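Below: one structure, written as structure tokens.
Here the structure is a predicted model, which means the values were calculated and not measured. Below, chains carry the letters A, B, ... as their sequence lines are ordered, and counting in each starts from 1.
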There are 2 protein chains.
Amino acid sequence: MGNKKNLLNEKLKEKGLKFTNQRKDIYDFFLKNQDKHMSAEEILSEIEKGNSEIGLATIYRTLQLFTDTGIIVKHDFDDGRSRYELKTDNDVHNHHHLICQVCGKIIEVNMDLMDELEKEIEDEYDFEITNHIVKLYGHCKDCKK
Amino acid sequence: MGNKKNLLNEKLKEKGLKFTNQRKDIYDFFLKNQDKHMSAEEILSEIEKGNSEIGLATIYRTLQLFTDTGIIVKHDFDDGRSRYELKTDNDVHNHHHLICQVCGKIIEVNMDLMDELEKEIEDEYDFEITNHIVKLYGHCKDCKK
DNA sequence: GTCAATGCAAACGCTTTGCACCTTG
DNA sequence: CAAGGTGCAAAGCGTTTGCATTGAC
């Protein structure tokens, strides 16, 4: 994982920002939980289960920083809090999510859905699309019955 | 507009709910602003510009009721407050929105984007899709330059 | 040593809720 | 007149911010 930590260090240096323990801890946390979508509170309590002390305000400030830097992605799954996920290299556009309306499970969709449609829409509406968010609601295989 | 008001009355009766002045005013307001996406505060202040007095809590409670009843649709355009819009008859699935990242304009998209893709995804992920939300971010024709 | 980062607590902004009063059916 | 609806003010809740202190470079 050493090389990945250096990656954080580099991104921070690029912007003249400091490499602090808190930022390292939060980044490590995302590396260890790449499949999850965690809220600020969840991140805080998980990190505190480890060894480190950290303030909630710092969590929020760091999440904002990482989001702006493109290290993580912020999601809204309609549960009243923002959720965050490490941005992977092959996320050119963001991937999409299936949201189970019964159990709340979030399933990632990596098919690229929208390329064709975006072109159609750009022509039809004279609008230049830079990003899109697709959320698909329904019932997952366990909850279908 | 009389027949449309009766429509509200009917929907309320179905559920054993009362037809009050406040509910009528809010419904009328949506009928008069079918193209807009209004927040609770905006609805309140517009209604108060008319003649009627109404409390903000009532606005919220009514918006929730209308949303549950399928009279209106609740949207999130990432500006920290929910926005509401009358649900039109041809909204089988919700329509979608282009969001200009420069001027904030919201443009409605009525192309049905997702029918094909939904089928693909349902097979691929064994997930039964009941609804979807698509938000497309970018630059509108006025802001493209 | 300087400037950014942190932690705490207070503030914020939207939304929800408890409760006494009012209105619809 | 009974049950639901309203208005007010207070509370809730996630998130942000001011400020004094701490820590990285």
Side-chain angles (χ1 to χ4, degrees), chain A residues 5-6 8-29 37-48 50-69 71-84, chain B residues 5-6 8-29 37-48 50-69 71-84:
Chain A
K5 271 178 205 165
N6 292 343
L8 172 63
N9 203 340
E10 274 166 34
K11 289 220 177 196
L12 292 171
K13 256 182 199 157
E14 265 175 37
K15 299 204 163 194
L17 301 172
K18 292 173 182 170
F19 183 83
T20 64
N21 284 324
Q22 291 87 337
R23 286 173 181 173
K24 180 178 82 48
D25 288 343
I26 294 172
Y27 187 63
D28 283 358
F29 176 80
H37 306 85
M38 308 287 280
S39 69
E41 295 273 4
E42 285 168 354
I43 294 167
L44 175 68
S45 72
E46 286 298 316
I47 287 181
E48 290 188 333
N51 28 16
S52 324
E53 286 294 310
I54 194 166
L56 186 55
T58 301
I59 299 274
Y60 276 107
R61 279 185 283 233
T62 304
L63 291 173
Q64 176 136 225
L65 170 65
F66 285 4
T67 302
D68 294 346
T69 316
I71 295 173
I72 61 176
V73 186
K74 184 177 185 174
H75 295 294
D76 170 25
F77 295 130
D78 311 303
D79 62 349
R81 70 212 65 193
S82 294
R83 295 181 169 277
Y84 301 83
Chain B
K5 272 178 204 165
N6 292 342
L8 173 62
N9 204 341
E10 274 166 33
K11 290 221 178 196
L12 292 172
K13 258 183 198 157
E14 265 174 37
K15 299 206 162 192
L17 300 172
K18 291 174 181 168
F19 185 82
T20 65
N21 284 324
Q22 291 87 337
R23 287 172 181 172
K24 181 178 83 49
D25 287 344
I26 295 172
Y27 186 64
D28 283 356
F29 175 80
H37 305 85
M38 308 287 280
S39 69
E41 294 273 5
E42 286 168 354
I43 294 167
L44 175 69
S45 73
E46 286 299 316
I47 288 181
E48 289 188 333
N51 27 15
S52 324
E53 285 296 308
I54 194 166
L56 186 54
T58 300
I59 300 273
Y60 276 107
R61 281 186 283 232
T62 304
L63 291 172
Q64 176 135 226
L65 170 65
F66 285 5
T67 303
D68 294 345
T69 316
I71 295 173
I72 61 176
V73 186
K74 184 176 183 174
H75 294 294
D76 171 26
F77 296 131
D78 311 303
D79 63 348
R81 72 212 63 191
S82 294
R83 296 183 168 277
Y84 301 83

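- Summarising the geometry, the separation between CG on Leu12(B) and P on dT24(C) is reported as 13 Å, rounded to the nearest angstrom.
- Rounded to whole Å, atom P of dG7(C) lies 10 Å from atom CD of Glu48(A).
- Of the inter-residue distances, the one linking Arg23(A) atom CZ with Asp25(A) atom CG reads 12.5 Å to the nearest 0.5 angstrom.
- Atom P of nucleotide dG13(C) and atom CG of Asp78(B) are separated by 19 Å, given to the nearest angstrom.
- Summarising the geometry, the separation between CG on Leu63(B) and C1' on dT16(C) is reported as 13 Å, rounded to the nearest angstrom.
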Report the C-alpha separation of Thr69(A) and Leu17(A) in whole Å, then their side-chain angles, then the decisive distance to 0.1 Å, and conclude whether the side-chain contact (heavy atoms from CB on, under 4.5 Å) test is met. CA-CA 11 Å; Thr69(A) 316; Leu17(A) 301 172; 5.8 Å; no
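- Residue contacts for Ser39(B): at a heavy-atom cut-off of 4.0 Å it reaches no nucleic acid atom on any strand shown.
- Between Asp25(B) atom CG and dT24(C) atom C1' there is a gap of 15 Å when expressed in whole angstrom units.
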Audit row: Tyr27(A), Thr62(A), side-chain contact (heavy atoms from CB on, under 4.5 Å) steps and yes/no: CA-CA 9 Å; Tyr27(A) 187 63; Thr62(A) 304; over 6 Å; no
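- Glu46(B) places a side-chain heavy atom less than 4.5 Å from the side chain of Met38(B).
- Separating the CG atom of Leu44(A) from the C1' atom of dG14(D) is a distance of 13 Å, rounded to the nearest angstrom.
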Sequence-aligned protein contact record of nucleotides 3-8 of chain D, with B where the base is within under 4.0 Å of a protein heavy atom and S where only the sugar-phosphate is: BBSBBB
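- Between Lys13(A) atom NZ and dA4(C) atom C1' there is a gap of 16 Å when expressed in whole angstrom units.
- Atoms CD (Glu41(A)) and C1' (dG12(D)) sit 13 Å apart, rounded to a whole Å.
- Within the structure, a side-chain polar atom (N or O) of Tyr60(B) is placed less than 4.0 Å from OP1 or OP2 of dT15(C).
- Residues Thr20(B) and Thr58(B) are not in side-chain contact: their nearest non-hydrogen atoms beyond the backbone lie 4.5 Å or more apart.
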Check the pair Asp68(B), Gln64(B) against side-chain contact (heavy atoms from CB on, under 4.5 Å), reporting the backbone distance first and the verdict last. CA-CA 6 Å; Asp68(B) 294 345; Gln64(B) 176 135 226; 3.8 Å; yes
